[in-house]
Amino acid sequence: MNVEFSDLSRKYELHQKEYEAAALRVMRSGWYILGKELENFEEKFAEYMGTASCIGVNSGTDALILAFRSLGIGPGDEVIVPAGTYIASVIGITENSAKPVFVDTDDYLSIDVNKIEENITDRTKAVLAVHLYGHTCQMDKIMDLAKRYNLYVVEDCAQSHDALYCGKKTGTFGDLGCFSFYPTKPLGALGDAGALITNNNDLAEKLRMMRNYGSKVKYHNEIKGINSRMDEMQAALLSVGLDHLAEENKMRIMIAERYLAGIKNEAVKLPCIREGSTHVFHLFPILTADRQRFQTYLLEHGIKTQVHYPIPPYAAECYSEWAYQRGDFPQAAYVAGREVSLPVYAGMPDDEVDYVIETVNKF
Ligand SMILES: *Cc1c(COP(=O)(O)O)cnc(C)c1O
């Protein structure tokens, strides 16, 4: 049996008619940028998340870059960021010429909140909480520290759409919540897209200008901006996707629950769910000592897996200026050396899930 790591066409087919109707509506409208589709999606997403505003942008990376820029974070400033994350989290900081200060990973594969305080200096301006894999950070602890040290909190929710921490949605704890709608994400466009959510009206207004050349009124450029707009097509398609987000999250959670109950192999460490947290399982990360052999074995049995992520951002070639060694953050390095993501996506057939469990157990 062949099992793809992810199959977006299966996910598309779940709601094909609605997607095609939305696409046709946009094509026939004669209006493709900054129109009522985007307005409608922004309103719908803000309401869904329970925040005052949503600002649609071009990608999750742009959302992060604009988040720090709108908060006035730049050269000489420091931002606390998990050592174990996807590099785009860090790009949001370095594109503003601010300095990322890395904090090691905890047993739940998110930022170790007990190691944040020792990294706060008088240059620290913000904490970037990354809800990696669809699991949530310990937001109560992070918000506490932020209040005590007067820091901004930005959340990277690129993998955690609709995940809750103590009953509250990720992206609604801090000053700004940043989302990616890259096609594979829990809420995915059919191209690139991203968004920010906030309850701060001043920030929302600034971000709306920043994403559109820095202007509110055409040719009146009040602040330095860029072009980072979510287009009408993606907004219309995302509006369809949002109607099915909860149901598709549930599909992945059910697959993950079957993995958690069915996989029994001492060579495979399953993901743990933090108390008070809902894990939406954007990915299903397991840890195993001999990753190469595990992945090869599964591939020989037709099962495709991926690694998220083999090189932690602090050890990335592009950031060699800081001369970090892999071992500087032992937990993040440990995870980077052992992580393998098993297939989990909305529309994944039941017999394929059973086959993955069976095959992993025979490893
Ligand atoms: C996908 C992702 C991003 C970047 O989003 P893009 O839309 O691809 O730019 C940022 N952070 C994390 C954790 C991601 O997974």
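Counting convention: from 1, in listed order, for ligands and their atoms alike. The first residue in the sequence is number 1, and the count goes up from there.
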Hey, are R10 and E4 close enough for a salt bridge, meaning a charged N less than 4.0 Å from a carboxylate O? no

In terms of residue, atom name and distance, what is the protein heavy atom nearest to atom 10 (C) of ligand 1? A88 CB, 3.4 Å

Can you pull out the closest protein heavy atom to atom 11 (N) of ligand 1? Residue, atom name and distance to 0.1 Å, please. D156 OD2, 2.8 Å

Should you measure from each heavy atom of S59, which atoms of ligand 1 turn up under 4.0 Å away? 7 (O), 9 (O)

Within 45 degrees of the axis of the six-membered ring of Y213 and under 6.0 Å from its centre: does K224 put its NZ or CZ there? no

Geometric cation-pi criterion, R252 with F281: 6.0 Å, 45°: no

Suppose we measure from atom 12 (C) of ligand 1 to each protein heavy atom; which comes out shortest, and what is that distance? A158 CB, 3.3 Å

Relative to the heavy atoms of G60, which atoms of ligand 1 are at a distance of less than 4.0 Å? 5 (O), 6 (P), 7 (O), 9 (O)

Candidate with minimal heavy-atom separation from atom 4 (C) of ligand 1, of L283, V57, T61: T61

K168 NZ/CZ over F173 ring centroid, <6.0 Å and within 45° of normal: yes

The protein heavy atom nearest to atom 15 (O) of ligand 1 is Q159 NE2, 2.7 Å

protein heavy-atom neighbour closest to atom 1 (C) of ligand 1 works out as K185 NZ, 1.5 Å

My understanding is that we take every heavy atom of each candidate and find the minimum distance to atom 6 (P) of ligand 1. Doing that for A195, A189, C178, S180, which one comes out nearest? S180

Do NZ/NE/NH1/NH2 and the carboxylate oxygens of K99 and D77 come within less than 4.0 Å? no

Quick one: do K11 and E248 make a salt bridge, cutoff under 4.0 Å? yes

Salt bridge flag under 4.0 Å for residues R258 and D354: yes

